[in-house]
There are 2 protein chains.
Amino acid sequence: MDEMDEKDAQLREAAERLALTLSESGMQKATARVMTALLFSRHETMTAADLCQELQISTGAVSGAVKQLIPTGIVERAPAPGSRRDHYRFREHAWATLMGKQNALLDSMWDAASEGLKVVGKDSAPGRRLDEMQHFYGFMQREMAALIDKWLEQYEAGQD
Amino acid sequence: MDEMDEKDAQLREAAERLALTLSESGMQKATARVMTALLFSRHETMTAADLCQELQISTGAVSGAVKQLIPTGIVERAPAPGSRRDHYRFREHAWATLMGKQNALLDSMWDAASEGLKVVGKDSAPGRRLDEMQHFYGFMQREMAALIDKWLEQYEAGQD
DNA sequence: AACAGGATTCAGAGAATTTTGAAGCCTCTG
DNA sequence: CAGAGGCTTCAAAATTCTCTGAATCCTGTT
């Protein structure tokens with residue numbers, strides 16, 4: 001029965017492909033690989049040792065990746081009675097959390113525009129550009145937050 | 001009258017700060033600096049030489065940055081009758097365009113989830129995670145596109 | 001309280017990405 | 001159609017980022 005093995009290989013491959021995409025958009029490679037390994041894993045949770053083995057990276061790399069992943073809310077430590085090892089798990093609603101965090105960038109953009117407008121006033125060339133920018137990011141900030149809530153609601157409702 | 005100079009300095013500083021933020025979220029540093037220089041510039045347009053001087057980078061770096069910025073729709077070549085140099089300009093509605101492009105990432109996420117679900121089925125551990133993921137990104141794809149349209153409409157209306 | 005298993009840290013090696021600078025190319029101009 | 005100006009390209013240099021692996025720290029067990 002190596003049909004299972006083949007499926008596992010496909011799963012791991014899909015995980016690696018996504019990790020590559022994510023690292024191309026700025027995420028650290030080891031971090032992305034740990035994240036997708038947990039996402040595509042057959043297991044409910046994985047230990048640092050599991051991750052080392054599966055990804056062929058050092059314990060230090062795993063530790064660093066986890067350190068980034070936990071505060072962003074994508075991964076969490078799972079209780080594992082009777083085990084001294086930490087068990088990690090992909091967190092439920094991680095995507096909503098992740099997108100919410102990205103809104104911090106929207107804030108930065110708004111702030112930057114605002115900063116510029118303190119100096120120049122809307123009737124100048126940079127003023128016009130910054131005014132549009134501020135308008136855009138102000139709008140996005142508000143609407144994105146609402147959108148995430150809307151998704152959560154909708155998803156929870158669908159789960160019944 | 002060095003009040004002007006001081007304001008210029010503040011403007012450039014704000015530009016550099018934003019460039020730094022952007023480079024921290026994955027954009028190439030020179031690219032980010034060119035972009036913010038154009039955004040915060042007092043001038044309507046800038047030439048490659050202007051950018052070299054202001055940012056203290058090589059012509060090659062400017063050329064490379066522009067090469068990235070133009071296809072993404074953030075910057076455009078501006079007609080400049082009587083000048084042999086190319087003039088670059090921050091594009092109107094660049095933000096909406098930019099965010100639209102980022103939706104390509106949402107597509108990738110949806111695809112990755114879909115890929116995994118082809119292998120495992122929703123009743124497994126990875127299946128449940130991937131199902132939520134697919135649901136989330138499918139939702140976001142649709143709603144984000146709508147949101148950008150809504151902003152454009154609203155902004156155009158406000159301009160009258 | 002000493003030990004053992006495991007997580008974390010961090011300096012240094014190594015890899016990958018960026019930038020430079022100069023050569024080459026293209027396009028206007030006279 | 002020769003020359004000048006300016007843009008692009010690209011190999012090499014520089015910088016930056018990332019990973020490793022060993023030392024250290026922490027925590028629960030005997």
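What you see is a predicted model, and the numbers here were worked out from it, not measured in a lab.
Rounded to whole Å, atom P of C:dT20 lies 10 Å from atom CG of B:L55. In this structure, CG of A:D86 is placed 17 Å from P of C:dG5, rounded to the nearest angstrom. Per the geometry, CD1 belonging to B:I57 stands 15 Å off C1' belonging to D:dT8, to the nearest Å. Taking atom CD1 of A:I70 as the reference point, atom C1' of C:dA7 lies 12 Å away to the nearest angstrom. Between the OH atom of B:Y88 and the C1' atom of D:dC7 there is a distance of 7 Å, given to the nearest Å. When the P atom of C:dT8 is taken as reference, atom CZ of A:R85 falls 14 Å away, rounded to whole Å. With rounding to whole Å, A:Q68 atom CD is found 18 Å from C:dA7 atom P. If you take CG of B:L69 and P of D:dT8, they are 13 Å apart, rounded to a whole angstrom.
The existence of a salt bridge linking B:E13 and B:R17 is confirmed by a sub-4.0 Å separation between a basic side-chain nitrogen and an acidic carboxylate oxygen.
Among the protein residues, A:A30 comes within range of the sugar-phosphate backbone only, with heavy atoms under 4.0 Å from sugar or phosphate atoms but none that close to a base. If you check every strand for non-hydrogen atoms under 4.0 Å, A:R33 touches nothing.
Residue B:A61 places its side chain closer to C:dT19 than to any other of C:dT19, D:dA22, D:dT8. If you check C:dT20, D:dT8, C:dT8 against the side chain of B:T59, the one that comes closest is D:dT8.
Residue whose closest nucleotide on DNA chain D sits further toward the 5' end, between B:A48 and A:V62: B:A48.
The phosphate of D:dC17 has neither OP1 nor OP2 within less than 4.0 Å of any side-chain N or O from A:K29. Contact annotation: A:R84 does not reach the phosphate of C:dG5 (side-chain N/O to OP1 or OP2, under 4.0 Å). Close to D:dC19, at under 4.0 Å from its OP1 or OP2, lies a side-chain N or O of A:Q28. B:K67 has no side-chain polar atom (N or O) that falls below the 4.0 Å cut-off from OP1 or OP2 of D:dC7.
Proximity of the aromatic rings of B:W151 and A:Y137 is defined here by a centroid distance below 6.0 angstrom, and this criterion is not met.
By the 6.0 Å contact criterion, NZ on B:K101 is enclosed, its count of non-hydrogen atoms from other residues, nucleotides or ligands being greater than 12. With a 6.0 Å radius and a threshold of 12 heavy atoms from other residues, nucleotides or ligands, A:E24 has its CD atom above the threshold. Residue A:K122 qualifies as open at atom NZ: its count of foreign heavy atoms under 6.0 Å is 12 or below.
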